[in-house]
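Let me begin by presenting the structure, written as structure tokens, before commenting on it.
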Amino acid sequence: MVETVEKLSAVKGMADVVPDQSAAWQYIEANIREVMQNYAYTEIRTPILERTQLFKRSIGEVTDIVEKEMFTFPDQNGESLTLRPEGTAGCVRACIEHALLRNQQQQKLWYMGPMFRYEKPQKGRYRQFVQLGVEAFNYPGPDIDAEQLALCARLWKRLGIEHMLELQINSLGDAPSRNAYKKKLIEYFSSNLNKLDEDSKRRLHANPMRILDSKNPEMQELIAAAPVLLEHIDVASKEHFEGLQRDLKALGIKYAINTRIVRGLDYYNRTVFEWVTDKLGSQSAVCAGGRYDSLVGMLQGPETSSVGFAMGLERALLLLQLAKPDLHHTIDCFLICIGSTAEAQRLILAEKIRDQVPHLAMHTYLGSGSLGNLFKKADKSGAQFALIIGDEEVANDSVSIKFLRSEQPQQTVAINAIKSILGDL
Ligand code: HAM
């Protein structure tokens with residue numbers, strides 16, 4: 001009997017990036033690298049796997065991510081490991097481990113890479129997704145919060161998606177005022193116990209602020225009437241929030257205060273923010289973050305003021321595709337060698353050309369054919385120029401250049417002068 005073998009496919013919620021899509025990815029990544037340089041942030045790379053305990057202690061035990069969404073498994077030694085659901089925890093762990101925050105050392109760091117959450121996949125929401133993360137340590141003032149938002153605004157502008165994004169900000173205050181508020185929240189929800197769903201009942205005493213995060217439509221009315229944290233924050237946090245708003249106004253960055261932003265991770269205090277869009281259905285947050293001044297201390301590091309954010313690259317990419325639908329890989333030149341002498345030398349000739357124009361994107365045609373047929377292929381490749389080398393060109397160490405996208409007449413130049421025609425590609 002012939003056994004049927006199941007066709008293998010990618011794991012649910014984990015997508016391939018095929019060549020047609022990789023140009024847009026590279027475009028966004030190149031812009032990110034340049035903007036990071038603009039603001040003097042340096043890259044940090046941390047492992048994709050961390051000890052499970054790290055996420056439990058930093059993100060919080062009673063959060064959606066830790067309770068339901070982590071890819072966790074024991075290794076061969078029985079140690080519990082987790083595919084990182086976000087990057088802040090690993091970044092902080094690495095900073096402590098390498099003493100990067102010793103003596104109040106300031107750090108401005110970024111990272112980019114895959115994160116993993118066991119969520120229900122839909123447009124803009126995946127089980128493997130890429131985040132750009134940006135974190136600044138030992139900058140206590142609101143000016144760094146504002147600078148990070150200016151950084152985001154600059155990136156949106158470079159990508160041409162600024163008109164699709166709105167900045168929303170809020171303040172969660174510091175721990176004592178937040179704890180007092182949590183008591184008020186417990187009182188409020190306790191007096192409406194019959195309206196709470198099971199998840200919220202469970203969270204009522206352990207983490208009442210998570211109830212505000214609930215997506216359950218039947219609870220939205222109750223949540224809308226709950227006490228507002230921003231009205232209960234301490235004086236220092238209020239001043240910080242006012243300072244941030246002053247800076248944003250001075251920078252001309254438009255924002256709205258959204259008192260309902262509480263964030264789904266436990267480590268935040270004071271400033272929290274989200275860049276949201278109405279172009280991606282329910283996955284509206286493209287970029288989100290805030291202050292987390294206690295996290296480094298909580299993970300046994302030195303007391304360190306911290307602020308950062310993460311951007312979901314797939315979501316930014318969906319917006320980029322709306323703004324710039326024509327991002328595809330292109331080549332500059334299509335090299336055609338005609339006749340047995342040129343064909344025999346084409347790899348060497350191509351290397352000589354690349355030596356002359358270092359950034360050249362050139363495809364060397366490796367078959368043979370009639371000139372007419374090869375020009376058709378050159379045209380189809382999308383290249384700007386066809387470079388032609390026949391017997392005569394080989395003898396003279398030259399190359400003929402046909403302009404495929406303009407009416408200029410064909411020219412023949414020495415290979416070592418090709419730059420004068422192709423320019424600084
Ligand atoms: P977060 O809000 O959990 O924050 O995620 C940040 C962004 O990652 C979201 O706004 C969204 O764009 C993207 N994202 C999250 N989950 C998914 C998913 N399943 N599929 C696609 N995109 C997703 C954090 O992760 C914090 N570490 C941010 C931070 C850094 N706070 C301080 N520093």
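Order of appearance sets the numbers: ligands from 1, and atoms from 1 within every ligand. FYI, the numbering just counts along the sequence from 1.
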> What residues form a side chain to side chain contact (heavy atoms under 4.5 Å, CB included) with K182, not counting sequence neighbours?
Replying inline: N179, P208, M209
> Who passes side chain to side chain contact (heavy atoms under 4.5 Å, CB included) against K324, sequence neighbours left out?
Replying inline: Y27, L320, L327
Give me the pairs of N or O atoms, one from ligand 1 and one from the protein, that sit under 3.5 Å apart.
| from | atom 1 | to | atom 2 | distance (Å) |
| --- | --- | --- | --- | --- |
| ligand 1 | 2 (O) | R263 | NH1 | 3.1 |
| ligand 1 | 2 (O) | R263 | NH2 | 2.8 |
| ligand 1 | 3 (O) | R117 | NH1 | 3.0 |
| ligand 1 | 3 (O) | R117 | NH2 | 2.9 |
| ligand 1 | 4 (O) | R263 | NH2 | 3.0 |
| ligand 1 | 5 (O) | Q131 | NE2 | 3.2 |
| ligand 1 | 8 (O) | Q131 | NE2 | 3.1 |
| ligand 1 | 10 (O) | A285 | O | 3.3 |
| ligand 1 | 12 (O) | A285 | O | 2.9 |
| ligand 1 | 12 (O) | V286 | O | 3.1 |
| ligand 1 | 12 (O) | G312 | N | 3.3 |
| ligand 1 | 16 (N) | R117 | NH1 | 3.4 |
| ligand 1 | 19 (N) | E119 | OE2 | 2.6 |
| ligand 1 | 19 (N) | Y126 | O | 2.8 |
| ligand 1 | 20 (N) | Y126 | N | 3.0 |
| ligand 1 | 25 (O) | R117 | NH2 | 3.2 |
| ligand 1 | 25 (O) | Q131 | NE2 | 3.0 |
| ligand 1 | 27 (N) | E86 | OE1 | 2.6 |
| ligand 1 | 27 (N) | T88 | OG1 | 2.9 |
| ligand 1 | 27 (N) | Y267 | OH | 3.0 |
| ligand 1 | 31 (N) | Y268 | OH | 2.6 |
| ligand 1 | 33 (N) | T88 | OG1 | 3.2 |
| ligand 1 | 33 (N) | E135 | OE1 | 2.7 |
| ligand 1 | 33 (N) | E135 | OE2 | 3.2 |
| ligand 1 | 33 (N) | F309 | N | 3.3 |

>> Suppose the criterion is side chain to side chain donor-acceptor pair (under 3.5 Å): which pairs have a residue in residues 295-318, not counting sequence neighbours?
In response: R57-Q300, Q283-R315
> Can you check whether F334 and F385 have ring centres sitting under 6.0 Å from each other?
Replying inline: no
> Looking at D213, D266, T63, which hits side-chain hydrogen bond (donor to acceptor under 3.5 Å, both in side chains) with N207?
Replying inline: D266
> Taking NZ, NE, NH1 and NH2 as the nitrogens, is one of them in R203 or E67 under 4.0 Å from a carboxylate oxygen of the other?
Replying inline: yes
